[in-house]
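Accompanying notes for the structure given below.
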There are 2 protein chains.
Amino acid sequence: MDALKQTITRCRNLGLRRTKALEELLATLIEADRPMTLAELAASKRLTDQCDKATVYRLLQRLTDHAIIRRLGLHERAAYFTLLQPGKHSDYLICTGCGKIDAVKAPCPVHKLEEEIREKTGYQNLYHELEFFGTCPACA
Amino acid sequence: MDALKQTITRCRNLGLRRTKALEELLATLIEADRPMTLAELAASKRLTDQCDKATVYRLLQRLTDHAIIRRLGLHERAAYFTLLQPGKHSDYLICTGCGKIDAVKAPCPVHKLEEEIREKTGYQNLYHELEFFGTCPACA
DNA sequence: GTAATTGCAAATACTTTGCCACGTA
DNA sequence: TACGTGGCAAAGTATTTGCAATTAC
């Protein structure tokens, strides 16, 4: 539960107010340890009855702007959000059948190419998103 | 314009009918040579007045089912579609400012990891999607 | 006290479907 | 002819916003 305190501190340092909704949202994301959608978050135990979906939406937006979380594509119609923790990076393995999302454990092989792109193209604030799609054994 | 003929042939072999809408849709995707959204496609020169948006939608669905095109996430609210050509694979570089999408020219560094994942996890029909996000020089 | 944050409700955006007419094989 | 396709219009799902009330600092 230390990650939660650290993250709240990061938020405070960025000028965000410490509200119940903020704490519960971050706690939910940290506990789940996987990307979640707005709908999932708004319906989660800690947040239902706690606050409106619009609040969760705007909170996600604010946290995204401050680079506390990141919005992911992941192929679903709904957007996914994941906590950004310094020094951590995840690639994902997603089942096209049931939608299950796992983090890939192997080291990410893309950093070198990312460097190259930074140098050659002059793009700034570069980051990447890597997803593997396939049919999981259970769905096959 | 050979890619067009080849792709139409692939469609015919899969049992799809050769309609005006099919031809124009494929021609548009091939000419653009980049992922496009449903809205873009439906509004493109070759397809406006040619057919309804629902038709384009169902055509994209059919072509996706038959693995002629692939649906991409790419972070936008709208889904993107790109032509799948045997032996071709693209990673993308996307500006978070203006939304510009470029194909990355360097060879994709992910295939080895993809193999590993196939072996270790037993996932089938594995493929990946790799995107780099950043601020392009014009937006910086 | 004051500016950030929230709730509620309404508006958008994009996608998806029903039903019947039409065209390709 | 028969079944895949297409047009039009309506419904569905996810996101986004306006405004007044509330709350953290």
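The chains referred to below are lettered A, B, ... by the order of the sequence lines, with proteins before strands, and numbering in each begins at 1. Here the structure is a predicted model, which is why all the values come from computation and not from measurement.
Arg46(A) and Thr28(A) make their closest contact through CD-OG1, 3.3 Å (heavy atoms, listed as atom of the first residue, atom of the second, distance). Taking both residues in full, the closest heavy atoms of Ile101(B) and Pro35(B) are given as CG2-CD, 4.3 Å, listed atom of the first, atom of the second, then distance. Residue Arg10(A) comes nearest to Ala67(A) through the heavy atom pair NH2-O, 3.6 Å, listed as atom of the first residue, atom of the second, then distance. Closest of all the heavy-atom pairs between Val56(B) and Cys51(B) is CG2-SG, 3.9 Å.
Minimum atom distance to the side chain of Thr55(B) is reached by dG7(D), of the listed dT16(D), dT16(C), dG7(D). Checking dT15(C), dT17(C), dG7(C) against every side-chain atom of Leu38(B), the shortest atom distance belongs to dT15(C). Between dG6(D), dG12(D), dT12(C), one nucleotide has an atom nearer to the side chain of Ala21(B) than all others, and that is dG6(D). Here the side chain of Ala78(A) is nearest to one of dT15(C), dC8(D), dA14(D), namely dA14(D). Out of dT17(C), dC14(C), dG7(D), the shortest distance to the side chain of Tyr57(B) is found at dT17(C). Side chain of Asp52(A), nearest nucleotide from dC8(C), dA14(D), dG7(D): dC8(C). For Arg62(A), counting side-chain heavy atoms from C-beta on, the closest listed nucleotide (dA13(C), dT17(C), dT6(C)) is dT6(C).
Taking atom CZ of Arg71(B) as the reference point, atom P of dT15(C) lies 7 Å away to the nearest angstrom. Following rounding to the nearest Å, Gln50(B) (CD) and dT5(D) (P) show an atom-to-atom distance of 16 Å. Between the C1' atom of dA14(D) and the OH atom of Tyr80(A) lies a distance of 13 Å, rounded to the nearest Å. dG7(C) atom C1' lies 15 Å from atom CG of Leu47(A), rounded to whole Å. Going from atom NZ of Lys53(B) over to atom P of dT17(C) covers 16 Å, rounded to whole Å. The separation between Leu63(A) atom CG and dA4(C) atom P is 16 Å, rounded to whole Å. Taking atom CD on Glu24(A) and atom P on dT6(C), their separation rounds to 12 Å, with Å as the unit. In this structure, Leu59(A) places its CG atom 16 Å from C1' of dT15(D), rounding to the nearest Å.
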**Request:** Would you check, one step at a time, whether the test side-chain contact (heavy atoms from CB on, under 4.5 Å) holds for Arg34(B) with Met36(B)?
**Result:** CA-CA 6 Å; Arg34(B) 64 180 176 82; Met36(B) 296 179 78; 3.9 Å; yes
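Residue-level contact check: Ala79(A) touches the backbone only, with heavy atoms under 4.0 Å from sugar-phosphate atoms and none from bases. Glu76(A) comes within 4.0 angstrom of no nucleic acid atom, judged by non-hydrogen atoms across all strands.
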Protein-nucleotides 20-24 of chain D N/O pairs under 3.5 Å:
residue	atom	partner	partner atom	Å
dA24(D)	N3	Arg17(A)	NH1	2.9

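A side-chain N or O of His89(B) and one of His128(B) form a donor-acceptor pair less than 3.5 Å apart. Between the side chains of Glu76(B) and Tyr80(B), no donor-acceptor pair of N or O atoms lies under 3.5 Å.
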